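Working notes, structure below.
We're numbering straight along the sequence, starting at 1. Small disclaimer: the values here were computed from a predicted structure and weren't measured. Atoms within a ligand are numbered from 1 in the order they appear, just like the ligands themselves.
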Amino acid sequence: MSEKTPVLEVKDLGIDFGGLTAVNEFNLQVFNGEIVGLIGPNGAGKTTVFNMLTKVYKPTRGTITFMGQDTAKMSVVDMNKAGIARTFQNIRLFSNLSVIDNVKIGMHNKISYSNIDAVFRLPKYRAQEALVEEKAMEILDIFELADQAEVIAGNLPYGAQRRLEIARALATEPKLLLLDEPAAGMNPQETEELMSMIRFVRDHFKIAVLLIEHDMKLVMGICERITVLNYGMMLAEGTPAEIQANPQVIKAYLGE
Ligand SMILES: Nc1ncnc2c1ncn2[C@@H]1O[C@H](COP(=O)(O)OP(=O)(O)O)[C@@H](O)[C@H]1O
Ligand SMILES: [Mg+2]
């Protein structure tokens, strides 16, 4: 893969549910290190695009190329192993487990000790466990959750649960992180902090981020490029300045 190859390339993507076309002719390129925004009114098809990118839904039309590889035959698990991780619009955590265990579960597919190693607590197991612990704490630290590592996830305040969702997704060491309305329900100060965390994560782990968000301050503040969806169709794409000045976007979305 050359430097110019996008991490993600989507061509003419579409999906029908029964007779209803939810998304059609959707095109997108995301390059390494970019933060790209996906915005649009409720019901526009944003989450459906994420569900196709992660193979929760099988697209009816079009292609998804990830790291230069056609993903047509890949499953949800394959996509995660290949390097796509996501968060959900409605928080999905293991709410009965501790904060750190939620992150460690995300790291599971990276561990290479055998059951024998684990049962007898052989050096390989102990060394790997120490590494897993250290890595999990590093991620929790970024999201200001390190001192709550042993707290049961379900007992965290709402904003912290949203941050833990991102931490858990990052534990799989993705190349592309998909965030579905990460600032939903957060107050302005929490949103501000989240913005700098997302930027830090992009710089520190050198990954690409595709972000669905309604908070325009967040979107315009951290995205290098933005795509606007409306009724399942692309309405516009461009820089934040171009999007904010686009009459069609203002009419359909920003002006509402
Ligand atoms: N599994 C499904 N079955 C039928 N319709 C669906 C399904 N998933 C999404 N849709 C429809 O697709 C459209 C886009 O939904 P969604 O992607 O959730 O919008 P957004 O995230 O932009 O608010 C909506 O009309 C929704 O009802
Ligand atoms: Mg949605």
Side-chain angles (χ1 to χ4, degrees), residues 8 10-30 35-64 66 71-72 74-77 79-80 84-93 158-159 161-166 168-169 174 176-186 190-191 194-195 198 208-220 222-223 225-238 240 243-244 246 248-256:
L8 176 73
V10 177
K11 280 192 181 152
D12 298 323
L13 197 66
I15 188 165
D16 303 335
F17 294 109
L20 178 106
T21 297
V23 175
N24 207 21
E25 294 174 19
F26 182 77
N27 291 284
L28 181 70
Q29 286 189 330
V30 181
I35 302 179
V36 176
L38 183 57
I39 67 172
N42 274 329
K46 305 177 300 292
T47 298
T48 302
V49 167
F50 273 20
N51 283 332
M52 289 191 281
L53 294 179
T54 53
K55 302 292 175 174
V56 174
Y57 295 160
K58 187 177 159 23
T60 311
R61 298 168 290 281
T63 58
I64 300 166
F66 184 65
T71 66
M74 289 164 67
S75 66
V76 173
V77 174
M79 291 306 268
N80 189 248
I84 296 188
R86 76 178 286 184
T87 65
F88 294 88
Q89 192 170 341
N90 306 307
I91 297 175
R92 290 193 198 175
L93 292 168
Y158 174 82
Q161 291 195 24
R162 291 227 82 111
R163 298 201 307 276
L164 179 56
E165 263 247 319
I166 306 177
R168 190 184 51 99
L176 174 65
L177 180 62
L178 308 178
L179 302 177
D180 197 344
E181 302 196 22
M186 284 188 173
E190 287 174 317
T191 303
L194 184 72
M195 274 172 73
I198 294 170
V209 178
L210 180 60
L211 179 98
I212 296 173
E213 188 49 65
H214 280 296
D215 188 309
M216 280 307 120
K217 194 164 168 243
L218 187 146
V219 171
M220 300 299 171
I222 70 172
C223 295
R225 290 188 299 119
I226 295 168
T227 293
V228 186
L229 265 185
N230 195 30
Y231 296 108
M233 297 285 289
M234 286 170 71
L235 188 67
E237 56 183 329
I243 295 301
Q244 275 170 304
N246 183 309
Q248 279 178 300
V249 177
I250 293 166
K251 189 161 170 251
Y253 185 50
L254 294 178
E256 75 185 6

Full working for side-chain contact (heavy atoms from CB on, under 4.5 Å) between M233 and V228: CA-CA 8 Å; M233 297 285 289; V228 186; over 6 Å; no
Would you mind listing which atoms of ligand 1 come within a distance below 4.0 Å of any non-hydrogen atom of A44? 19 (O), 20 (P), 22 (O)
Find all atoms of ligand 1 within a distance of less than 4.0 Å from any non-hydrogen atom belonging to N42, and give their numbers and elements. 23 (O)
Would L211 and I222 satisfy side-chain contact (heavy atoms from CB on, under 4.5 Å), going step by step from the backbone distance to the final call? CA-CA 10 Å; L211 179 98; I222 70 172; 4.3 Å; yes
Would you mind checking which non-hydrogen protein atom is closest to [atom], with the distance to 0.1 Å?
atom	result
atom 12 (O) of ligand 1	A22 CB, 3.4 Å
atom 3 (N) of ligand 1	F17 CD2, 3.4 Å
atom 14 (C) of ligand 1	G43 O, 3.4 Å
atom 1 (N) of ligand 1	Y57 OH, 3.0 Å

Between L20 and ligand 1, is there a nitrogen or oxygen pair with a distance under 3.5 Å? no
N/O/S atom of T48 inside 2.8 Å of the Mg ion (ligand 2), strictly under: no
N42 near the Mg ion (ligand 2): N/O/S under 2.8 Å: no
Is it true that R162 and E165 make a salt bridge, defined as a side-chain N closer than 4.0 Å to a carboxylate O? no
Hey, mind stepping through I212 and L179 against side-chain contact (heavy atoms from CB on, under 4.5 Å) and telling me if it holds? CA-CA 6 Å; I212 296 173; L179 302 177; over 6 Å; no
Would T54 and I84 satisfy side-chain contact (heavy atoms from CB on, under 4.5 Å), going step by step from the backbone distance to the final call? CA-CA 7 Å; T54 53; I84 296 188; 4.0 Å; yes
Where the Mg ion (ligand 2) is the corner point, what angle links OE1 of Q89 with OG1 of T47, to 10°? 90°
Return a yes/no value: protein heavy atom under 4.0 Å from atom 17 (O) of ligand 1? yes
Measure up the F17 and Y57 rings against each other and bin them: parallel (under 30°), tilted (30 to 60°), perpendicular (over 60°). perpendicular
Is a side-chain donor-acceptor pair under 3.5 Å present for [Y] with [X]?
X	Y	result
K217	T191	no
D180	T87	no
N24	R61	yes

In this structure, does ligand 1 have an atom that sits under 4.0 Å from one of the heavy atoms of G45? yes
Tell me which one of N230, L229, T48, T21 gets a heavy atom nearest to atom 9 (C) of ligand 1. T48
